[in-house]
Amino acid sequence: MAPLLWVEKMILVGSCLVIALLLWKFVPRERLRDAWVIFLFNQIITGAGGPFVVEKRMLEYPVREFSYANSTSFVFEFYAYPALCVLFNLHYPEGKGLARGLLHYLLFTSGITAYEKVLEVYTDLIRYIKWEWYWTFVSIWLTFWITRVFYLWFRKALPGGDARVP
């Protein structure tokens with residue numbers, strides 16, 4: 001395992017700051033409970049899925065934050081991606097039609113996949129072994145969908161709940 005290099009440190013710190021700013025700017029105060037539900041549920045998925053693909057030697061994180069405790073990237077698996085999932089769900093184009101919903105999925109999923117691919121090519125933060133960008137695309141789309149289904153179920157299950165999101 002490589003030590004945290006300067007460029008990788010700056011990417012990790014910069015990613016944390018950008019995500020914090022996005023959450024602060026785009027998560028309305030009255031939807032904080034929803035944001036926490038989405039964030040924590042997505043962490044359950046990434047907490048199982050991330051280590052699984054690393055243990056199967058499909059990809060690796062040569063430079064990572066807590067190398068003694070975790071085989072994945074803590075920032076990306078447990079903070080950045082769940083936070084982006086929060087933004088994806090809270091700003092989903094509810095009731096705007098199938099095409100708009102698919103475009104929402106496509107834009108979020110493509111953006112995250114492209115960012116990961118750039119990190120894979122130009123840094124030591126992630127290395128594909130038996131993995132390709134399209135597996136990232138599919139897994140992100142799928143986890144967005146699973147989290148969205150859970151979130152809608154959760155909203156409906158609340159007393160007086162409504163699956164329609166304000």
Side-chain angles (χ1 to χ4, degrees), residues 1-23 25-27 35 38-67 69-94 96-152:
M1 189 209 65
L4 276 177
L5 306 170
W6 186 83
V7 171
E8 282 78 4
K9 281 183 189 178
M10 292 299 103
I11 291 170
L12 293 171
V13 169
S15 295
C16 286
L17 292 174
V18 168
I19 292 296
L21 182 64
L22 289 171
L23 290 171
K25 179 85 173 136
F26 295 108
V27 175
I38 295 163
F39 187 85
L40 294 172
F41 182 77
N42 191 262
Q43 280 186 331
I44 292 169
I45 296 170
T46 60
F52 176 79
V53 296
V54 170
E55 294 302 319
K56 293 295 180 185
R57 304 255 326 126
M58 299 171 93
L59 55 83
E60 66 181 358
Y61 297 90
V63 175
R64 56 188 186 271
E65 304 83 351
F66 303 111
S67 58
N70 192 354
S71 59
T72 66
S73 171
F74 184 82
V75 166
F76 292 116
E77 297 281 348
F78 294 100
Y79 176 63
Y81 180 59
L84 291 171
C85 196
V86 165
L87 297 174
F88 171 85
N89 277 284
L90 293 185
H91 295 283
Y92 187 82
E94 198 69 43
K96 305 275 176 148
L98 179 62
R100 185 84 186 271
L102 289 174
L103 181 62
H104 191 74
Y105 271 95
L106 183 65
L107 291 175
F108 267 83
T109 305
S110 298
I112 295 169
T113 302
Y115 184 64
E116 181 181 279
K117 186 60 181 169
V118 167
L119 293 178
E120 194 266 335
V121 170
Y122 295 106
T123 73
D124 283 331
L125 288 172
I126 186 169
R127 183 175 301 132
Y128 293 172
I129 300 171
K130 298 179 219 165
W131 194 262
E132 295 294 334
W133 67 267
Y134 48 83
W135 289 118
T136 296
F137 185 90
V138 168
S139 65
I140 288 170
W141 189 296
L142 186 61
T143 56
F144 273 157
W145 179 77
I146 291 168
T147 304
R148 179 120 188 100
V149 168
F150 174 80
Y151 173 54
L152 293 176

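As the structure is a computational prediction, the values presented were derived from the model and not from experiment.
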When rounded to the nearest 0.5 Å, the distance separating OG1 of T147 from CG of L142 is 9.0 Å
S71 to E55 - nearest heavy-atom pair and separation: OG-OE2, 3.8 Å
For the CZ atom of R57 and the CD1 atom of I129, what is their distance to the nearest 0.5 Å? 4.0 Å
Decide yes or no on side chain to side chain contact (heavy atoms under 4.5 Å, CB included) for V75 and C16, but give the supporting numbers first. CA-CA 7 Å; V75 166; C16 286; 3.7 Å; yes
Would a 4.5 Å heavy-atom cut-off, applied to side chains only, mark S15 and I11 as touching? yes
Mind listing the closest non-hydrogen atom pair of T72 and E65 along with its distance? O-OE1, 4.4 Å
If you apply the rule side chain to side chain contact (heavy atoms under 4.5 Å, CB included), what do you find for K117 with T136, and how did you get there? CA-CA 9 Å; K117 186 60 181 169; T136 296; over 6 Å; no
Determine the interplanar angle of the Y105 and W141 rings, folded into 0 to 90°, and report it as parallel if under 30°, tilted if 30 to 60°, perpendicular if over 60°. parallel
In terms of side-chain heavy atoms, does Y81 have a donor or acceptor partner in E116 at a distance below 3.5 Å? no
Any side-chain heavy atom of I112 sitting closer than 4.5 Å to one from F144? yes
Do F26 and L90 have side chains that get closer than 4.5 Å, going by heavy atoms? no
Taking the side chain as C-beta and beyond, is there a heavy-atom pair between N70 and R64 under 4.5 Å? no
Would you compute the distance between atom CZ of F76 and atom CG of L84 and round it to the nearest 0.5 angstrom? 10.0 Å
Stepwise side chain to side chain contact (heavy atoms under 4.5 Å, CB included) test for L17 and L21: CA-CA 6 Å; L17 292 174; L21 182 64; over 6 Å; no
Starting at CG of N42, measure out to CD of E77 and round the result to the nearest 0.5 Å. 9.5 Å
OH (Y92) and CG (L87) are apart, to the nearest 0.5 Å, by 15.5 Å
F39 and F78 have their tightest heavy-atom pair at CZ-O, 3.6 Å
For T46 and P82 the tightest heavy-atom approach is OG1-CG, 4.4 Å
Tell me whether the rings of F150 and F41 are parallel (<30°), tilted (30 to 60°) or perpendicular (>60°). parallel
Would you compute the distance between atom CD1 of I140 and atom CZ of F88 and round it to the nearest 0.5 angstrom? 11.0 Å
List the atom of K130, the atom of K56, and the distance in Å for their closest heavy-atom pair. NZ-O, 4.0 Å
Anything under 30° is parallel, anything over 60° is perpendicular, the rest tilted; go ahead and classify F137 against W133. perpendicular
Heavy-atom pair with the smallest gap, counting every atom of A35 and V86: O-CG2, 3.3 Å
